[in-house]
Enquirer: 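For reference, the structure I am asking about is given below.
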Amino acid sequence: MENNISCIPIIPMRGLVVFPYMTLNFDAGRDVSVKALEAAAENKTRVFLVTQRRSEVEHPTMSDLYEVGTIAQVKQIMRMPGGVTRVVVDGLKRGSIREVLSVKPYINGIVEEFDEYYSPDSPLKDAYMSRLKKTYEEYFALNPRLTAEDFMRILTMDSPDRLCDSIAGGVDLKIEVKQALLAEFDVYKRIEDLIVALNNHMQVVQIERQIAQKVKERMDKNQREYYMREQLRVIQEELGDGAAEEAAEYEEKINKLKAKKEIKEKLLKEVDRFESLPPSQAESAVVRTYLDTVLDMPWNKVTKETFEIKEAKKILEEDHYGLEKVKERVLEYLAVRAMTKGKSSAILCLVGPPGVGKTSVAKSIARALGRKYVRVSLGGIHDEADIRGHRKTYIGAMEGRIMAAMKEVKTKNPLMLLDEIDKMGVDYKGDPSAALLEVLDYEQNGAFRDHYLEVPFDLSQVIFVTTANTLDTISRPLLDRMEIIELSGYTGAEKMQIAKKYLMKKALDKNGMTAKQVVITESAIQEIIDYYTREAGVRKLEQQLEALCRKAAKKLIESDKKSVRITDKNIESYLGKRRYHFEKMNETDQVGIARGLAWTSVGGETLSIEVNVMKGTGKLKLTGQLGDVMQESAAAALSYIRSHSDELKIDSDFYEHSDIHIHVPEGAVPKDGPSAGITMATALASAFTERPVKNDIAMTGEITLRGRVLPIGGLKEKSMAAYRAGIKTVIIPEENKPDIDDIPREIRENMEFIPVSSMDTVLENALR
């Protein structure tokens, strides 16, 4: 075998052995190494990478270097911050130093190259490679730092020298072992040495793991228990006197309570139990938490109540515009409390659509009485324990929301608002509305027993006010406990006054502006009320006013103007196109079209009912997404027309050769309710008699088969919708005549109401 000899730069490597077939990047910091690399790159020559025997030697000589190293090709040199040179090299062949020719400016010497040699005998080669790969697989399984990509690259190699050197360069072995593998020129002998080295390393790893496991297991159960028991003993000795002092403090607080003797005895027993328990036990913490909770309850503190009716009236007028009947009822309630020295047992339930001021009315009552206010949200509650609490034996047990609110407000006689009482649920955990029966009963709540407190607490001095959007979902027994006060909504004029007196100032303050900077005219506010909001309350109106203020603020900043004026002419540039359009009355009298009135959650609406009569076989078709009640009303109205055909001068057999189609526009909106009967009957009568319906009249009421007109609800909202549509006359059931007094004066003065008791009277007034 003949080996080549060449003169190339020599680079000492500290703590690193480079093998052939390796692509390696490293940082060269020493000046001799950098100059050697630069010379190799400039002359396009190779370099000889050889490991130092001792890495701490800064200026190595021939004796400080191993003889065998790797001849490599410089691929890239990069200058890095801090004076460091980063190099990328490819290992090519083994080499050995024969002579050092110079050491300045870099080490230069004669290096002899060695080619790999091994027996080409295929079975022998395959056997060595197979054994090495299996050993590497075992090593890979024990070393989590190796990647699957490296593993697959190694296993796909088919050259024994490349396989051996690639594995040796990538595994975690000592420098001396790697150098010995590099210095072995016989490939098969090198593979044997590598297999031995890998097995030795794996044994060391396994032994280390076994040692760690044995050390961990030596702290057996008895030793741990002894250690922990000693710790407990020391802790108990340290805390023993502190626990006694804490128990004495609890006892002193209990003796000062203005509570019944039975309650104090129960709490003192808990104190004795607390004192006898070791502080380290979990039960001790449970008892401590229980005592803290019970003693935090307002057993003794009572807020002084005021009964000045004039002051209360002034507060209600300041806080709310309109709602005259609500204010009157609240003042009556306060007057009764004054007469009974605070013993009025009425539970007020404020019912109405969102945004009409239910919560703020409750706050005003508290302010008028001088009581503290606390709110408990009941929306979404479906567990009885939310009201009565959990028994303290359960993990994570706590008091119910009623007792938690009492603890929060820190007085025995607050005004407690039970918000969204109509949105409680029922499931397998109990019925929270049933648990509220005791809370809201003046005769029972004087000794309300929360499951967590386990002692009776007096709630008889608490004023309970509840709110709801609808009464349909409230259980009958619970509803029986409360007195209903309806907040039906506001007229357009009332919304205008609320916006001017309350909402505008609130919106300006919220957005950091003044009335001089943003001027919103009444016409702009009216535009918002009519075409940008559709609600019974004023919450959306408030949001739109805030939106105007935000957009005005942006305009002021961008344009450097001092003020912005918003009118009905330029409001579209701020809020966009109109979102809602109210249906106006028909311009002319029409046959087969009658205008009804409907109640929705956001107020009243007008409802056109259209009837077409065509030649056919007596079929009745209903369209417009009508619910069951309206379908039944249509059938009843048709039966009435058929039974009174002689009086209406209609052929008695008209039904047999006619198809009837009843349609309520806005078919995508579901409609239902017991108030469209007389409207359908009027439209049918008009279609069959060909007498037009007056265009300025609307009606509401249910019909029976005999033509009797039944009463309806929501007359105030319906009349407001009719007034908004330009209707001059409204036909209402006779039994709803007392409800006319609830309708705002501005509507009563500009609209005629015709109470009727039979369908004959309806047709007399509605048809031309």
Side-chain angles (χ1 to χ4, degrees), residues 3-53 55 57-60 62 64-98 100-103 105-116 146-147 149-150 153-154 157 159 161-173 175 177-185 190:
N3 298 322
N4 294 327
I5 296 176
S6 56
C7 178
I8 56 176
I10 298 172
I11 300 177
M13 307 292 289
R14 291 195 282 195
L16 185 63
V17 178
V18 182
F19 283 84
Y21 311 112
M22 284 179 65
T23 297
L24 181 72
N25 65 77
F26 61 90
D27 294 337
R30 290 183 288 192
D31 190 50
V32 291
S33 300
V34 174
K35 288 182 177 178
L37 290 166
E38 290 174 345
E42 184 178 350
N43 300 326
K44 296 183 179 180
T45 62
R46 297 175 296 178
V47 295
F48 184 64
L49 305 177
V50 61
T51 306
Q52 289 183 199
R53 296 180 184 274
S55 59
V57 177
E58 186 66 28
H59 302 288
M62 183 66 181
D64 295 317
L65 305 175
Y66 287 106
E67 292 181 3
V68 179
T70 299
I71 299 170
Q73 182 70 48
V74 179
K75 302 292 288 183
Q76 189 177 10
I77 299 177
M78 296 173 287
R79 294 286 186 179
M80 305 297 290
V84 176
T85 302
R86 181 157 295 174
V87 189
V88 180
V89 298
D90 280 343
L92 301 176
K93 293 182 178 181
R94 281 173 170 74
S96 178
I97 302 175
R98 288 288 173 261
V100 174
L101 300 178
S102 63
V103 294
Y106 55 85
I107 303 173
N108 198 23
I110 304 297
V111 176
E112 180 181 1
E113 299 179 13
F114 291 92
D115 291 321
E116 301 291 347
L146 295 175
T147 64
E149 184 180 357
D150 294 333
R153 181 176 58 83
I154 294 294
M157 292 181 178
S159 172
D161 56 329
R162 181 181 291 271
L163 176 66
C164 184
D165 287 343
S166 297
I167 292 175
V171 298
D172 186 16
L173 298 175
I175 296 296
V177 176
K178 285 192 173 186
Q179 182 62 38
L181 292 171
L182 182 65
E184 180 56 61
F185 297 106
R190 192 189 314 148

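Since we're looking at a predicted model, the values are computed, not measured.
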Enquirer: Any idea which heavy atoms bring Leu37 and Ala28 closest together, and the distance?
Expert: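 Taking every non-hydrogen atom into account, CD1-CB, 3.8 Å.
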Enquirer: Taking the side chain as everything from C-beta on, heavy atoms only, tell me whether Leu65 gets closer than 4.5 Å to Thr51.
Expert: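 Not in contact.
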Enquirer: Any side-chain to backbone donor/acceptor pair from Glu184 onto Gln179? Under 3.5 Å, distance only.
Expert: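 Answer holds: no.
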Enquirer: Can you measure from OG (Ser166) to CZ (Phe19) and round to the nearest 0.5 angstrom?
Expert: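 So the OG of Ser166 and the CZ of Phe19 are separated by 10.0 Å.
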Enquirer: Could you go through the side chain to side chain contact (heavy atoms under 4.5 Å, CB included) check for Phe114 and Ser96 one step at a time?
Expert: CA-CA 8 Å; Phe114 291 92; Ser96 178; 3.5 Å; yes
Enquirer: What I'd like to find out is whether the side chain of Asn108 reaches to under 4.5 Å of the side chain of Ile10, using heavy atoms alone.
Expert: no
Enquirer: With side chains defined as the heavy atoms from C-beta onward, is the minimum distance between Leu16 and Leu24 less than 4.5 Å?
Expert: yes
Enquirer: Could you pull out the closest heavy-atom pair between Met157 and Leu163, with the gap in Å?
Expert: SD-CA, 3.9 Å
Enquirer: So do Ile11 and Phe48 actually touch side chain to side chain, heavy atoms under 4.5 Å?
Expert: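 Phe48 does not reach Ile11 side chain to side chain.
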Enquirer: Please determine, by modelled atom types, if Asp90 and Thr23 share a side-chain donor-acceptor pair under 3.5 angstrom.
Expert: yes
Enquirer: Before you tell me yes or no, could you show the steps for Val89 and Gln73 under side chain to side chain contact (heavy atoms under 4.5 Å, CB included), namely the whole-Å CA-CA distance, both residues' side-chain angles and the distance that decides it to 0.1 Å?
Expert: CA-CA 6 Å; Val89 298; Gln73 182 70 48; over 6 Å; no
Enquirer: Could you report the tightest heavy-atom contact between Gly169 and Met22, atom names first, then the distance?
Expert: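 What the structure gives for the nearest pair is CA-SD, 3.7 Å.
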Enquirer: Can a side-chain donor-acceptor contact be found between Asp161 and Tyr21 if the only test is distance below 3.5 angstrom?
Expert: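 Yes.
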Enquirer: So, Arg14 and Glu58, do they make that salt bridge, N to O below 4.0 Å?
Expert: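 Yes.
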Enquirer: Give me the atom names and distance for the closest heavy-atom approach of Arg30 to Val57.
Expert: NH1-O, 3.3 Å
Enquirer: Just so I know, are the side chains of Arg98 and Val111 near enough to count as touching, which here means a heavy-atom distance under 4.5 Å?
Expert: no
Enquirer: Would you mind reporting whether Met78 and Thr85 have side-chain heavy atoms less than 4.5 Å apart?
Expert: no
Enquirer: Cationic tip of Arg53 within the cone over Tyr66's six-membered ring, i.e. under 6.0 Å and within 45° of the normal?
Expert: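 Yes, Arg53 and Tyr66 form such a contact.
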Enquirer: So, Arg46 side chain and Pro9 main chain: donor-acceptor pair closer than 3.5 Å or not?
Expert: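 Flag not set: sc Arg46 to bb Pro9 has no pair under 3.5 Å.
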Enquirer: In this structure, which one of Asn25, Val74, Leu49 forms a side-chain contact (heavy atoms from CB on, under 4.5 Å) with Val87?
Expert: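 The option that passes is Val74.
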Enquirer: Can you tell me how far CD1 of Ile175 sits from OG of Ser55, rounded to the nearest 0.5 angstrom?
Expert: 8.5 Å
Enquirer: Locate the shortest heavy-atom distance separating Ala40 from Val47; write the atom from each residue and the value.
Expert: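 Where Ala40 meets Val47 most closely, the heavy atoms are CB-CG1, 3.3 Å.
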Enquirer: Knowing that exactly one of Lys93, Lys178, Arg190 qualifies, which makes a salt bridge (Lys or Arg N to Asp or Glu O under 4.0 Å) with Asp165?
Expert: Arg190
Enquirer: Side chain to side chain contact (heavy atoms under 4.5 Å, CB included) between Ile110 and Ile97: does it pass, once the steps are laid out?
Expert: CA-CA 6 Å; Ile110 304 297; Ile97 302 175; over 6 Å; no
Enquirer: Provide the closest heavy-atom pair for Pro60 versus Ile107 in the form atom of the first, atom of the second, distance.
Expert: O-CD1, 4.2 Å
Enquirer: With a 4.5 Å heavy-atom cut-off, do Arg94 and Glu112 have their side chains touching?
Expert: no
Enquirer: Check whether more than 12 heavy atoms from other residues, nucleotides or ligands sit under 6.0 Å from atom CD of Glu67, and answer yes or no.
Expert: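 Result for CD/Glu67: open.
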Enquirer: Show, in sequence, the C-alpha distance, side-chain angles and deciding distance for Glu113 and Ser6, and conclude whether the side chain to side chain contact (heavy atoms under 4.5 Å, CB included) test is met.
Expert: CA-CA 8 Å; Glu113 299 179 13; Ser6 56; 3.9 Å; yes
Enquirer: Would you say the side chain of Pro20 lies within less than 4.5 Å of the side chain of Leu92, judging by non-hydrogen atoms?
Expert: no
